[in-house]
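When a ligand or atom number is given, it counts from 1 through the structure's own listing order.
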Amino acid sequence: MLEHKWIMSDKPEDDPDASVLVQTRPKTKRPPLYKVLLLNDDYTPMEFVVHVLERFFSMTHAQAFEIMLTVHKKGVAVVGVFSHEIAETKVGQVMDFARRHQHPLQCTMEREE
Ligand code: TYC
């Protein structure tokens, strides 16, 4: 989509009708994306984390196991990238599910650069 901007000089000697239509670069800002991060801890069972990744992030068992091991070894991993609203929902679902099962699993979101 093209954006038009009317530029009108405010010098008093200028004819107010002599305004010029200038075409500027289209500035259509895409909404930011958010990384959902899963954090390691010493207590949440590995199988529970694998289940969370299958259930809320639609991963296969093999994918889920691999990401769980990455978090276990490195401390954190990105488990998905979403719009703000979807990322918030995923974080809420994981935190709620972990709390209901009395596991200290932590999930957060971070705006992508
Ligand atoms: N470190 C946990 C354990 O040894 C497993 C684990 C993996 C916990 C990933 C959280 O996000 C996590 N039982």
Side-chain angles (χ1 to χ4, degrees):
M1 248 238 306
L2 294 177
E3 188 198 49
H4 296 94
K5 187 181 276 176
W6 285 102
I7 306 292
M8 198 183 293
S9 169
D10 54 8
K11 280 188 292 176
E13 66 271 20
D14 272 2
D15 177 1
D17 288 333
S19 44
V20 179
L21 180 64
V22 174
Q23 201 166 72
T24 58
R25 190 164 47 82
K27 60 155 197 242
T28 50
K29 274 192 289 187
R30 290 174 291 103
L33 291 173
Y34 290 79
K35 297 180 283 192
V36 171
L37 309 168
L38 202 61
L39 278 59
N40 188 37
D41 67 74
D42 293 338
Y43 306 102
T44 305
M46 289 185 172
E47 318 83 71
F48 183 82
V49 178
V50 170
H51 180 68
V52 162
L53 293 171
E54 290 172 336
R55 182 173 180 137
F56 299 114
F57 298 91
S58 308
M59 294 184 193
T60 65
H61 189 78
Q63 285 171 332
F65 198 89
E66 194 179 315
I67 299 288
M68 179 281 296
L69 272 189
T70 300
V71 179
H72 177 69
K73 290 182 200 162
K74 303 206 165 190
V76 63
V78 175
V79 298
V81 177
F82 308 97
S83 70
H84 187 272
E85 189 177 356
I86 301 291
E88 244 179 12
T89 300
K90 300 283 182 193
V91 170
Q93 286 172 331
V94 173
M95 294 299 283
D96 186 58
F97 193 65
R99 190 185 43 75
R100 274 158 43 212
H101 288 83
Q102 300 185 302
H103 294 310
L105 181 64
Q106 294 293 304
C107 184
T108 59
M109 60 194 273
E110 191 177 277
R111 199 185 148 141
E112 260 198 346
E113 320 81 56

Item to complete: Would you indicate which of Val79, Asp42, Asp41 comes nearest to atom 1 (N) of ligand 1 when only heavy atoms are counted?
Response: Asp41
Worksheet item: Hey, are the side chains of Met68 and Glu47 touching, using non-hydrogen atoms and a 4.5 Å cut-off?
Response: no
Discussion item. Out of Thr70, Thr44, Val49, Val50, who is nearest to atom 13 (N) of ligand 1 when you count heavy atoms only?
Written reply: Thr44
Worksheet entry | For Val76 against Leu39, the heavy-atom pair lying closest together | CG2-CD1, 4.0 Å
Worksheet item: What orientation do Phe97 and Phe56 show, parallel under 30°, tilted 30 to 60°, or perpendicular over 60°?
Response: perpendicular
Response to the item:
Among non-hydrogen protein atoms, atom 8 (C) of ligand 1 lies closest to Asn40 OD1, 3.4 Å
Item to complete: Give the minimum heavy-atom separation between Ala77 and Thr70, together with the two atoms involved.
Response: CB-CG2, 4.1 Å
Response to the item:
In terms of heavy-atom contacts, Asp41 and Tyr43 come closest through OD1-N, 2.7 Å
Item to complete: Find all atoms of ligand 1 within a distance of less than 4.0 Å from any non-hydrogen atom belonging to Leu39, and give their numbers and elements.
Response: 10 (C), 11 (O), 12 (C)
Worksheet item: Mind checking whether Phe65 and His61 have parallel, tilted or perpendicular rings, split at 30° and 60°?
Response: tilted
Worksheet item: Atoms of ligand 1 less than 4.0 Å from Leu38 heavy atoms?
Response: 11 (O)
Worksheet entry | Shortest reach to atom 4 (O) of ligand 1 by a heavy atom, considering only His72, Glu47, Gln106 | His72
Worksheet entry | Residue selection (non-hydrogen contact nearest atom 9 (C) of ligand 1) among Val71, Val76, Leu105 | Val71
